[in-house]
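Notes for the one structure printed next.
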There are 2 protein chains.
Amino acid sequence: MNKPTKTPEKTAKGERKRATSYDVAALAGVSQSAVSRVFQDGASASKAMRERVMAAADKLGYRPNAIARGLITQRSNMVAVVISKLTNLYYPEVLVQLTQRFSERGVRVLLFALERESDTGLVVEQMLQYRVDGVLTAAMFTPEELRTIENAHIPVVFYNRTSKDQLVSSVRCDQEEGERWLVDELVAAGHRSFGIVEGPADSVVSIERKMGALNELAEKGITDVTTVSGDFGYETGRRCFAELVQKHGSPPDAVIAANDVMAIGCIDEAREVFGLAVPGDISIVGFDGVGPARYAAYDVTTVRQPVQRMTESAASMLLERIENPELSPEKRAFSGIPVRGGSARLPAAK
Amino acid sequence: MNKPTKTPEKTAKGERKRATSYDVAALAGVSQSAVSRVFQDGASASKAMRERVMAAADKLGYRPNAIARGLITQRSNMVAVVISKLTNLYYPEVLVQLTQRFSERGVRVLLFALERESDTGLVVEQMLQYRVDGVLTAAMFTPEELRTIENAHIPVVFYNRTSKDQLVSSVRCDQEEGERWLVDELVAAGHRSFGIVEGPADSVVSIERKMGALNELAEKGITDVTTVSGDFGYETGRRCFAELVQKHGSPPDAVIAANDVMAIGCIDEAREVFGLAVPGDISIVGFDGVGPARYAAYDVTTVRQPVQRMTESAASMLLERIENPELSPEKRAFSGIPVRGGSARLPAAK
DNA sequence: GGCAGTATTGCATTCGGATGCAATTTGGAG
DNA sequence: CTCCAAATTGCATCCGAATGCAATACTGCC
């Protein structure tokens with residue numbers, strides 16, 4: 001039996017329990033349902049009721065318990081956002097923007113950060129236990145994990161990755177297209193030998209970028225291509241450049257790094273250790289368009305991801321699918337924005 | 001009346017509801033409490049029981065509902081992490097590390113991102129509604145907000161900010177100490193006129209850094225100090241440098257920027273626009289020790305925050321207080337790590 | 001003033017799992 | 001083979017808010 005007439009009880013230690021809707025109801029002399037209704041949007045409650053309840057509520061410092069509400073409504077109003085820890089300066093921005101988009105729409109973000117893109121297992125378990133309403137992920141799930149999530153009828157939106165053989169929604173920047181542009185420009189400016197610095201093997205983004213570049217190079221009939229791999233970080237960018245020169249026998253005409261940070265590493269290594277002028281002796285390009293790429297000392301030629309539009313789009317897509325689960329998957333690809341920086345010799349822009 | 005004997009029901013559309021502990025119990029032919037116990041750590045259940053339940057559980061794809069559990073245990077196993085959106089490259093790292101620390105200990109992170117450090121109001125309301133077990137914040141709360149949180153008996157740990165007149169726990173890097181070191185070194189190397197580039201007015205960190213520098217300069221008897229203010233971003237770093245030169249009439253001997261990113265902005269502006277050699281003509285220092293500060297083109301003299309230890313410490317501190325609410329507040333201050341980069345003329349290290 | 005129609009309000013139940021207590025089983029010692 | 005303590009298991013109840021339905025209170029209109 002409930003004891004709704006008791007005022008918020010105090011334990012022996014004098015600390016009071018958080019007020020519940022029953023406490024408020026008792027103080028206001030109304031029913032618990034009335035309190036519940038006052039704290040909802042479209043519920044019917046008279047003005048008088050509203051006032052009495054609100055008065056009692058702030059006297060007690062009452063606020064609805066989102067946990068209890070979630071239990072009965074079957075909606076947690078939380079989405080899982082999954083990121084991986086990359087040394088990538090680009091994700092933080094994405095994360096903050098996403099969180100703000102969701103907040104604006106009354107949805108909370110439960111954050112999961114992976115050490116590597118490949119350890120998704122535990123995370124899936126947790127997401128499901130917390131009954132998140134949706135998942136926005138910047139890491140790839142295995143087909144099995146994906147199936148598990150879908151069995152639970154939780155909509156998923158992939159950020160900057162997608163799956164050709166699976167019906168999933170995704171928002172991405174067209175990595176291949178971006179790389180093709182970079183390659184075209186470099187080739188048009190007369191570069192003939194290329195170095196490619198790829199990212200971690202488990203990064204889908206890195207793979208797409210590499211393939212984009214390689215395919216376009218092949219189509220242009222360029223075969224002098226050397227590849228080395230790093231981890232998206234500055235230090236490996238430097239190491240990779242040295243490795244590249246060694247592997248190729250001499251510095252190539254141009255280096256295509258899988259992201260801006262590694263491109264910056266390459267530029268530093270080229271200048272400091274090899275005494276090369278950038279872009280005089282060698283052209284170096286990146287991808288992402290992160291903050292440091294704009295620093296005057298580097299001014300990296302790159303492809304900028306339209307982060308604002310992408311996050312906006314990803315958040316809406318997920319929220320739409322939460323509202324309407326029948327909605328079929330949709331893949332949106334945004335073109336990157338070419339940035340003709342000073343780190344590469346390019347043909348004059350038309 | 002419950003209907004524990006029904007198998008997971010299907011709606012007309014054929015989609016099944018998520019399995020509950022009752023479903024599992026029914027399938028395994030045991031009681032719901034038994035299922036509950038099998039999915040707990042220290043609960044007593046025989047081996048036979050465990051097996052039967054587990055078998056039924058995976059057949060149904062059952063996983064405990066953390067929301068329901070939270071309701072009865074009065075523990076959400078979630079903490080709120082509050083960050084503000086600064087153009088500061090340093091926070092992302094902090095965020096990822098914190099999230100990992102908490103995850104390791106079975107605690108989920110509910111993320112709140114503020115547009116500016118000062119709009120904390122809404123966020124407090126949300127945290128309380130979700131009944132988070134603790135709050136870790138890299139933004140300042142008003143005394144009233146703080147009181148609200150404490151009335152709810154939710155432990156709070158401040159990250160890189162604290163309050164002298166309030167009993168709160170905090171983990172911080174000693175900003176003042178760091179600035180004093182920077183000033184001492186610069187003065188020892190003969191710099192006599194200073195420019196200070198501070199951050200946003202609502203950033204506690206910025207204020208502490210500025211005061212640290214000003215106090216030490218005053219103690220050293222240096223009065224030629226010009227101050228301008230930015231927003232922690234690269235662009236304003238550049239603008240601030242120009243402004244500084246204009247305000248001072250000529251470039252000062254040294255510039256102390258409130259963070260590395262602005263220091264980098266200053267370096268670029270000094271070199272590109274004013275044709276100054278860094279550190280030949282002018283010394284420029286920052287704070288934080290973020291990634292780009294290490295880039296060869298800048299090699300910023302700075303004070304690095306021991307992020308790893310700080311996040312580790314902050315997470316433990318909060319978790320301890322969640323376990324044991326009686327624990328009194330504690331303030332931990334970590335010394336920054338001096339980084340003698342090439343962006344400033346310094347006395348030879350002893 | 002009376003009545004139909006609408007807006008409020010309360011009642012009782014529900015969401016899914018945890019837990020104190022009592023009943024039952026198991027294990028071990030003698 | 002007994003008997004007692006310890007380990008298992010089930011029962012009943014609780015956590016806090018939402019909601020369908022029925023009861024009641026207003027509203028406007030004639």
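Each chain gets a letter, A, B and so on, in the order its sequence line appears, and its residues count up from 1.
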Would you check if there is a donor-acceptor pair between the side chains of [Y] and [X] at a distance under 3.5 Å?
X        : Y        : result
A:Ser36  : A:Arg69  : no
B:Arg332 : B:Ser313 : yes
B:Arg101 : B:Ser316 : no
A:Arg321 : A:Ser169 : yes

query: If you measure from the Lys or Arg side-chain nitrogens to the Asp or Glu carboxylate oxygens, is any gap between B:Glu330 and B:Arg172 under 4.0 Å?
result: no

- line: To the nearest 0.5 Å, atom CZ of A:Phe112 lies from atom CG of A:Leu110 at 4.0 Å

query: By side-chain hydrogen bond (donor to acceptor under 3.5 Å, both in side chains), which residues pair with A:Thr162, not counting sequence neighbours?
result: A:Ser170, A:Lys331

To the nearest Å, how far apart are [X] [atom1] and [N] [atom2]?
X       : N      : atom1 : atom2 : result
B:Lys47 : D:dA7  : NZ    : C1'   : 16 Å
A:Arg52 : C:dT8  : CZ    : P     : 16 Å
B:Ile67 : C:dA18 : CD1   : P     : 13 Å

query: How would nucleotides 16-21 of chain D be written as a contact map, 5' to 3', with B for base contact, S for sugar-phosphate-only contact and - for no contact, using protein heavy atoms under 4.0 Å?
result: BBBBBB

Between the protein and nucleotides 22-29 of chain C, list the N/O to N/O atom pairs that are separated by less than 3.5 angstrom.
none

query: With no hydrogens and no angle check, is any side-chain donor or acceptor of A:Thr137 less than 3.5 Å from a backbone partner on A:Phe158?
result: no

